[in-house]
Amino acid sequence: MHVLILGGTTEARALAGLLHGEVRTTSSLAGRVASPRLPVGEVRIGGFGGVDGLVGWIREHAVDAVIDATHPFAEHISFNAAAAAATAHVPLLALRRPGWVPGEGDDWRSVASLDEAARALDGLGDRVFLTTGRMGLASFAACPQWFLVRSVDAPDTPVPARTELLLDRGPFTLDDEREILVRHRIDVLVTKDSGGAATAPKLTAAREAGIPVVVVRRPPVPEGVRKAATPEEAAAWALR
C-alpha cells in the first residue's frame with residue numbers, strides 16, 4: 001500500500017512516523033520553507049503542476065490513498081487534492097488540527113481574510129505583532145501602523161513601511177511571547193486560526209496583557225472530504 005501525505009505540518013510528520021514500517025509513504029512538501037523539517041519515509045519537494053499533474057503523479061506512483069495534512073490555510077492544494085483524488089478514484093482524508101476557541105478574557109476580532117484583518121486594525125493600536133507568516137504581507141503594505149513580522153523565512157513580497165522582521169520557528173513558550181509583547185510594546189496581535197499548541201501561547205500572552213487579537217478564520221475543507229483531527233485518527237484510517 002502506498003499513501004501520499006501532502007505535508008509540511010507537525011501533524012504530517014507525526015503521521016508519517018506512525019505509518020513508517022506499516023505502509024509505504026511519500027510525504028510531499030511545497031518547498032516554500034528554505035530548510036523544512038523532514039519526516040521519515042520517502043519525501044518529495046515541490047508542486048505537482050495543478051490537478052492534472054497531481055492525478056498523473058498518483059497514477060504513475062500507484063498511490064492507494066491520499067491524506068491532505070497541509071496547513072489549514074493551504075486552501076489551493078486542498079481543493080486540488082479533492083479534485084485529483086476524485087479523478088484518480090483514490091480515497092482522500094483531510095487531517096486538520098482543531099481550531100482555536102476564545103476563552104474568558106479574550107478580546108478576539110474574527111475576520112475572513114488578510115485584507116479584512118488589515119482594515120480591522122484601524123483604532124486598535126499602533127504597534128502590531130503580525131504572525132500570519134511571510135505569505136500575504138502585501139495585504140498590510142499600505143497600513144500606517146508599526147509591525148513586528150514573525151516568519152520562518154524572510155518575506156519576498158511588499159511589507160509595511162514601518163516593519164521589523166523577526167525570523168523564528170515555533171514552538172514558542174508563553175514566557176517567550178510575554179517577553180516579545182513587553183519588549184516591543186505590542187498593542188494588537190494579528191494571527192490566523194492555525195490551531196495547535198506550537199503557536200498558541202501568543203494568545204494566552206495577549207489575553208494576560210489585555211491586547212486585542214485579530215483572528216483570520218480558516219477556509220473550509222472541500223465539501224465531501226472526510227476529516228480527522230489527529231495523526232492517530234488519520235493513521236487508523238489509512239491502515240483500514
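Residues: numbered from 1 along the sequence shown.
- Rounding to the nearest 0.5 Å places CG of D153 at 11.0 Å from CE of M135.
- Within the 4.5 Å cutoff, the side chain of D122 has heavy atoms near those of the Q145 side chain.
- The backbone N or O of S194 lies less than 3.5 Å from a partner atom in the side chain of R97, making a donor-acceptor pair.
- At least one side-chain heavy atom of P212 sits less than 4.5 Å from a side-chain heavy atom of R109.
- In this structure, the side chain of D187 engages the main chain of D126 through a donor-acceptor pair within 3.5 Å.
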Report the C-alpha separation of V190 and L114 in whole Å, then their side-chain angles, then the decisive distance to 0.1 Å, and conclude whether the side chain to side chain contact (heavy atoms under 4.5 Å, CB included) test is met. CA-CA 9 Å; V190 180; L114 291 175; 5.5 Å; no
Walk me through whether T131 and R150 qualify under side chain to side chain donor-acceptor pair (under 3.5 Å). CA-CA 5 Å; T131 65; R150 182 165 68 190; 5.4 Å; no
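- A88 and R59 get closest at one heavy-atom pair: CA-NH2, 4.0 Å.
- How far CG of L148 is from CZ of R162: 13.0 Å, rounded to the nearest 0.5 Å.
- Partners of D68 under the side chain to side chain donor-acceptor pair (under 3.5 Å) rule, at least two apart in sequence or in another chain, are T70, S78, R96.
- Scanning all heavy atoms of the two residues, the minimum distance from A154 to L167 falls at N-CD2, 3.6 Å.
- Closest of all the heavy-atom pairs between S151 and L165 is OG-CD1, 4.1 Å.
- Formation of a donor-acceptor pair under 3.5 Å by the W100 side chain with backbone atoms of G196 is found in this model.
- Looking at V159 and V149, their side chains never come closer than 4.5 Å, going by heavy atoms from C-beta outward.
- Hydrophobic clustering of Ile, Leu, Val, Met, Phe, Trp and Tyr side chains at less than 4.5 Å, counting indirect connections, unites V221 with L54.
- Within 6.0 Å of atom NE2 in H61, more than 12 heavy atoms from other residues, nucleotides or ligands are found, so the atom counts as buried in its surroundings.
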Could you give me the CA-CA distance, side-chain angles and deciding distance for R134 and D156, then say whether side chain to side chain contact (heavy atoms under 4.5 Å, CB included) is met? CA-CA 8 Å; R134 67 188 180 93; D156 52 8; 3.6 Å; yes
Contacts under 3.5 angstrom, residues 229-240 side chains, donor-acceptor by atom type, not counting sequence neighbours:
| from | atom 1 | to | atom 2 | distance (Å) |
| --- | --- | --- | --- | --- |
| T230 | OG1 | E233 | N | 3.1 |
| E233 | OE1 | A229 | N | 3.3 |

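- A heavy-atom distance below 4.5 Å is found between the side chains of S28 and F48.
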Steps toward side chain to side chain contact (heavy atoms under 4.5 Å, CB included) verdict (L189, W108): CA-CA 9 Å; L189 168 67; W108 289 14; over 6 Å; no
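- Distance check, rounded to the nearest 0.5 Å: OG1 of T9 to CG of L15 gives 8.5 Å.
- Side-chain contact check for L137 versus F147: every heavy-atom pair is 4.5 Å or farther apart.
- Side-chain contact between R119 and D115 is present, with heavy atoms from C-beta onward closer than 4.5 Å.
- Between the CD atom in E75 and the CG atom in N80 there is a gap of 10.5 Å [rounded to 0.5 Å].
- I180 is not listed as a side-chain neighbour of F172, based on a closest heavy-atom distance of 4.5 Å or more.
- L93 and I5 fall within the same hydrophobic cluster, where Ile, Leu, Val, Met, Phe, Trp and Tyr residues are linked whenever their side-chain heavy atoms come under 4.5 Å apart, directly or through other members.
- Using the six-membered ring where Trp is involved, H2 and W57 have ring planes that are tilted, between 30° and 60° apart.
- A pairwise comparison of heavy atoms in L174 and A205 identifies CD1-N, 3.7 Å as the closest pair.
- Applying the salt bridge (Lys or Arg N to Asp or Glu O under 4.0 Å) test to D106 and every residue at least two apart in sequence or in another chain returns R207.
- In this structure, the side chain of R13 does not engage the main chain of L38 through any donor-acceptor pair within 3.5 Å.
- Note on V43: it does not cluster hydrophobically with I67, by side-chain heavy-atom contacts below 4.5 Å among ILVMFWY residues.
- Cluster membership for L4 and L29, using ILVMFWY side-chain heavy atoms within less than 4.5 angstrom, is not shared.
- Residues V23 and V40 fall into different hydrophobic clusters, defined by Ile, Leu, Val, Met, Phe, Trp and Tyr side chains chained together at heavy-atom separations under 4.5 Å.
- The NE2 atom of H184 lies 8.5 Å from the CZ atom of R127; values are rounded to the nearest 0.5 Å.
- Closest approach of G170 and R37 over heavy atoms only: O-NH2, 3.2 Å.
- With R44 contributing its side chain and G46 its backbone, the two residues share a donor-acceptor pair below 3.5 Å.
- Taking all atoms of both residues into account, the shortest heavy-atom contact from T157 to A138 is OG1-N, 4.3 Å.
- Atom CD1 of I211 and atom NZ of K202 lie 13.0 Å apart (nearest 0.5 Å).
- No more than 12 heavy atoms of other residues, nucleotides or ligands lie within 6.0 Å of CG in D52, so this atom counts as exposed by the packing criterion.
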Give the intermediate values and the outcome of side chain to side chain contact (heavy atoms under 4.5 Å, CB included) for residues F73 and V216. CA-CA 10 Å; F73 282 83; V216 182; 4.0 Å; yes
